[in-house]
J.: 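Have a look at this one before I ask anything.
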Number of protein chains: 2
Amino acid sequence: MEKLSRKEQIKTVAARLFRKRGFKATSMRDIAKAMDMEAPSLYNHISSKRQLLEELLMSIAQSFILGMKEVKEAPLNSLEKLERLIKLHVDITIDHTDAVSLLTNEWVHLEGGAALDFNALKDDYEKDFKGILMACIKEGHLKEVNADLAMFSILSTLRWLYSWYSKNPNVNKIDLEQQMVKLLIPTRNE
Amino acid sequence: MEKLSRKEQIKTVAARLFRKRGFKATSMRDIAKAMDMEAPSLYNHISSKRQLLEELLMSIAQSFILGMKEVKEAPLNSLEKLERLIKLHVDITIDHTDAVSLLTNEWVHLEGGAALDFNALKDDYEKDFKGILMACIKEGHLKEVNADLAMFSILSTLRWLYSWYSKNPNVNKIDLEQQMVKLLIPTRNE
DNA sequence: CCTACCGATCGGTAGG
DNA sequence: CCTACCGATCGGTAGG
């Protein structure tokens with residue numbers, strides 16, 4: 001499937017440029033140039049610029065949704081689930097750094113149905129995340145904290161992990177997972 | 001000084017729109033419309049779109065630089081200084097929510113000398129922040145943590161505080177300051 | 001995959 | 001502060 005592969009190349013290049021300059025500031029001619037082709041040729045593989053963004057965001061969002069589903073269904077206690085969620089973010093961020101950055105910064109440029117779908121996924125994800133965090137608090141694994149604020153803080157760090165990782169690309173994945181768990185989980189007794 | 005005041009109105013409106021749609025996706029016609037005037041009339045008060053962004057970013061950055069200077073020179077121990085820094089972020093975020101969001105999301109659209117100046121300020125600020133954080137660790141106020149990662153995490157939360165605050169606008173400033181201090185400072189003994 | 005090209009929109013200027 | 005307007009660039013299409 002040469003066509004599919006070509007489309008994936010374009011998406012990879014687009015993700016890199018969208019991240020670097022932003023979606024609106026990246027032109028189809030920029031993408032074409034980075035692909036060594038002319039702008040109109042891109043349209044043999046994709047249908048529009050906004051489709052590029054939508055597919056990039058939706059596919060990485062699905063990775064998080066799937067990961068959340070697995071964590072929820074796993075036979076673990078709430079604290080272990082929270083650890084697994086943190087590791088999920090670390091892993092996806094390391095493997096798909098550019099796409100993750102779009103999830104943080106460029107989703108505002110989605111329009112119409114895609115924007116609605118995306119926000120629904122985001123709300124579901126955050127609701128599930130909060131549920132696990134609150135279970136941790138209720139079961140006494142965590143310090144008593146404002147759950148909303150704690151979730152906001154943890155997710156803020158995880159959302160910006162891509163920029164830290166980009167400046168420290170040689171870090172070991174397992175090490176980073178453990179450091180993030182240690183940093184983000186305010187355990188009661190140490 | 002009606003002219004000055006008019007310019008400030010334009011900057012306030014621009015900050016709101018830049019935040020909502022992004023700098024590149026906001027046209028001068030959008031800003032003019034929100035001001036109930038025609039786009040060319042804006043140029044009686046400002047000189048260019050990029051100047052708008054530059055002035056918004058530089059003036060809010062100066063608030064942080066000034067606050068950092070005061071904290072550094074204050075007769076406080078390192079832990080108290082860290083607390084003061086967190087409160088500084090909370091205060092500026094509450095008072096200038098839109099401009100703070102630009103500091104997080106739109107500085108990438110600075111070009112030329114303004115981009116260089118901005119990055120220099122950012123580097124200085126983070127170096128000072130890290131110095132205070134490392135002093136806290138060395139003096140035994142904080143848990144032993146990876147200082148780079150801890151700073152990254154604290155700043156990530158503080159950078160995104162504007163979005164949390166926008167969803168919880170009725171929070172009391174003093175309460176929020178105290179909650180953020182409690183949440184972000186991993187003290188040794190509680 | 002390319003050349004030629006379109007209508008829309010952009011930041012900004014001239015002139016009053 | 002407005003009307004009239006400019007050159008540049010945008011996403012995208014026609015046709016091969």
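Reminder, nothing fancy here: chain letters follow the sequence lines and each chain counts from 1.
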J.: Can you list the residues that meet the salt bridge (charged side-chain N to carboxylate O under 4.0 Å, His left out) rule with B:Lys122, with sequence neighbours excluded?
T.: none

J.: Restricting to side chain to side chain contact (heavy atoms under 4.5 Å, CB included), what partner residues turn up for B:Ala115, sequence neighbours left out?
T.: B:Leu110

J.: So what does the secondary structure string of DNA chain D come out as, 5' to 3', with Watson-Crick or wobble pairs under 3.5 angstrom, [ ] for crossing and | for pairs with another strand?
T.: ||||||||||||||||

J.: Identify, with sequence neighbours excluded, every residue that meets salt bridge (charged side-chain N to carboxylate O under 4.0 Å, His left out) alongside A:Lys69.
T.: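 Partners of A:Lys69 by the salt bridge (charged side-chain N to carboxylate O under 4.0 Å, His left out) criterion, ordered by chain and then number, come out as A:Glu73.
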
J.: If you look only at pairs with a residue in residues 158-171 of chain B, which of them pass as a salt bridge (Lys or Arg N to Asp or Glu O under 4.0 Å), with sequence neighbours excluded?
T.: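 Output for this query lists B:Glu126-B:Arg159.
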
J.: Enumerate the salt bridge (Lys or Arg N to Asp or Glu O under 4.0 Å) contacts for residues 145-158 of chain A, please, sequence neighbours excluded, ordered by first and then second residue.
T.: A:Lys130-A:Asp148

J.: For nucleotides 3-16 of chain C, read 5' to 3', which letter fits each nucleotide if B means a protein heavy atom sits under 4.0 Å from the base, S means only the sugar-phosphate is that close, and - means neither?
T.: BB-----SBBB---

J.: Check salt bridge (charged side-chain N to carboxylate O under 4.0 Å, His left out) between A:Asp95 and all other residues, then give those that pass, not counting sequence neighbours.
T.: A:Lys173

J.: Who pairs with A:Arg29 by salt bridge (charged side-chain N to carboxylate O under 4.0 Å, His left out), at least two apart in sequence or on another chain?
T.: none

